[in-house]
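A short worksheet on the structure shown next.
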Amino acid sequence: KISIDSEIAIRKLATSTIVLENEMCQTLFPDFNLSNAFHFSHRLLAQNCNYFEKIIFTPCVLSIDISDLLTVLRDSEKTVICDGRSSKPNRLYDAFQNACTHPAINSFHIDQFDKMLLHYNCPKSDTITMKEIEQDFFRIIALLPNTSIPWTFCIDEELVEGVDLILIASKSNKAVKHLLS
């Protein structure tokens, strides 16, 4: 964990800062302790960088703009990055629900976030259909009417079935101040 002074200095220089909280690492990695803290922290940071790489560099069927990603990350008090998967019927909604139970996010209620990005990957043999978007994605929007949710989906040549979801959810400073008042 970085000091308060360091965090303030970094926030002045950067548009977004990734802080890996010890508590989060302990939640995600049960064997997290002082002797292997850097190993697990680096592993989590590498996973997050991999997610950003997929979102930014994977050609998508329905694309988002890099500004959509920055909007979700910028001026956020708390940002959570996690994933979900599903091969069931209603797979878009089910992958979202699975992401919402990920240890990185389940200490929050999903409607506490005011900005969210959903990045779905599907196999070429079973692409996301308009019917799925209508029944699943619009169900997510209805669940979170006060949340801005840009979304995208890509075809993953390596994926065999189901969908994978990368979910980035954040609470803006404005939302955090409102919750505290």
Side-chain angles (χ1 to χ4, degrees), residues 1-4 6-87 91-92 94-108 110 112-113 115-124 149-172:
K1 199 167 193 175
I2 62 175
S3 73
I4 300 292
S6 297
E7 186 173 351
I8 291 169
I10 291 169
R11 286 187 186 271
K12 286 181 183 177
L13 297 172
T15 59
S16 299
T17 306
I18 296 174
V19 176
L20 301 175
E21 297 171 340
N22 290 337
E23 295 81 12
M24 180 60 63
C25 289
Q26 288 172 327
T27 300
L28 294 173
F29 307 110
D31 296 331
F32 182 85
N33 58 48
L34 191 57
S35 66
N36 60 14
F38 286 114
H39 167 75
F40 286 120
S41 297
H42 288 157
R43 195 166 126 193
L44 184 59
L45 186 57
Q47 181 182 31
N48 289 344
C49 289
N50 185 34
Y51 289 155
F52 288 133
E53 178 186 16
K54 275 187 165 183
I55 291 169
I56 294 169
F57 295 114
T58 304
C60 294
V61 175
L62 178 65
S63 295
I64 59 164
D65 192 290
I66 188 72
S67 65
D68 291 322
L69 176 60
L70 293 176
T71 298
V72 172
L73 296 173
R74 188 174 285 130
D75 297 325
S76 297
E77 179 71 23
K78 175 68 85 178
T79 300
V80 178
I81 305 166
C82 58
D83 57 18
R85 293 178 175 77
S86 180
S87 295
R91 60 189 177 155
L92 301 181
D94 194 52
F96 174 77
Q97 290 292 87
N98 288 338
C100 292
T101 61
H102 189 280
I105 203 169
N106 73 3
S107 61
F108 303 96
I110 196 65
Q112 290 179 310
F113 297 99
K115 301 181 288 183
M116 193 175 295
L117 184 138
L118 304 178
H119 178 88
Y120 286 99
N121 291 290
C122 64
K124 189 173 187 173
I149 310 175
W151 62 284
T152 182
F153 81 87
C154 301
I155 296 173
D156 185 337
E157 301 287 339
E158 297 176 13
L159 194 59
V160 177
E161 65 177 9
V163 294
D164 288 345
L165 168 66
I166 299 169
L167 183 149
I168 302 175
S170 62
K171 294 193 263 187
S172 68

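Start at 1 with the first residue, then count along the sequence.
- Considering every non-hydrogen atom in both Ser87 and Gly162, the closest pair reads OG-CA, 3.7 Å.
- Heavy atoms only, all atoms of each residue included: Asp156 and Lys54 are closest at OD2-NZ, 4.3 Å.
- Of all heavy-atom pairs spanning Lys115 and Arg74, the tightest one is NZ-O, 2.7 Å.
- At least one donor-acceptor pair closer than 3.5 Å links the side chain of Tyr120 to the backbone N or O of Leu92.
- The shortest side-chain heavy-atom distance between Cys154 and Asn121 falls under the 4.5 Å cut-off.
- Across all their heavy atoms, Phe113 and Lys171 have their closest contact at CD2-CG, 3.6 Å.
- To the nearest 0.5 Å, atoms SG (Cys122) and CD1 (Ile155) are separated by 5.5 Å.
- For Asp83, the salt bridge (Lys or Arg N to Asp or Glu O under 4.0 Å) partners are Arg85, not counting sequence neighbours.
- Considering all non-hydrogen atoms of both residues, Cys82 and Ala99 come closest at SG-O, 3.5 Å.
- A distance of 6.0 Å separates CG in Leu69 from CZ in Phe52, rounded to the nearest 0.5 Å.
- You'll find the side chain of Met116 reaches within 4.5 Å of the side chain of Ile110, heavy atoms only.
- For the atom pair CG of Asn98 and CG of Leu167, the computed distance is 11.5 Å after rounding to the nearest 0.5 Å.
- When all heavy atoms of Cys100 and Ile105 are compared, the pair lying nearest together is O-CG2, 3.2 Å.
- Between the OH atom of Tyr51 and the CD1 atom of Ile81 there is a distance of 9.0 Å, given to the nearest 0.5 Å.
- Residues Ile55 and Ile168 have side chains in contact (heavy-atom distance under 4.5 Å, counting atoms from C-beta outward).
- We find the CG-CZ distance between Leu165 and Phe96 to be 8.0 Å, quoted to the nearest 0.5 Å.
- In this structure, the side-chain contact (heavy atoms from CB on, under 4.5 Å) partners of Glu53, at least two apart in sequence or on a different chain, are Asn50, Phe57.
- Val80 is not listed as a side-chain neighbour of Ser170, based on a closest heavy-atom distance of 4.5 Å or more.
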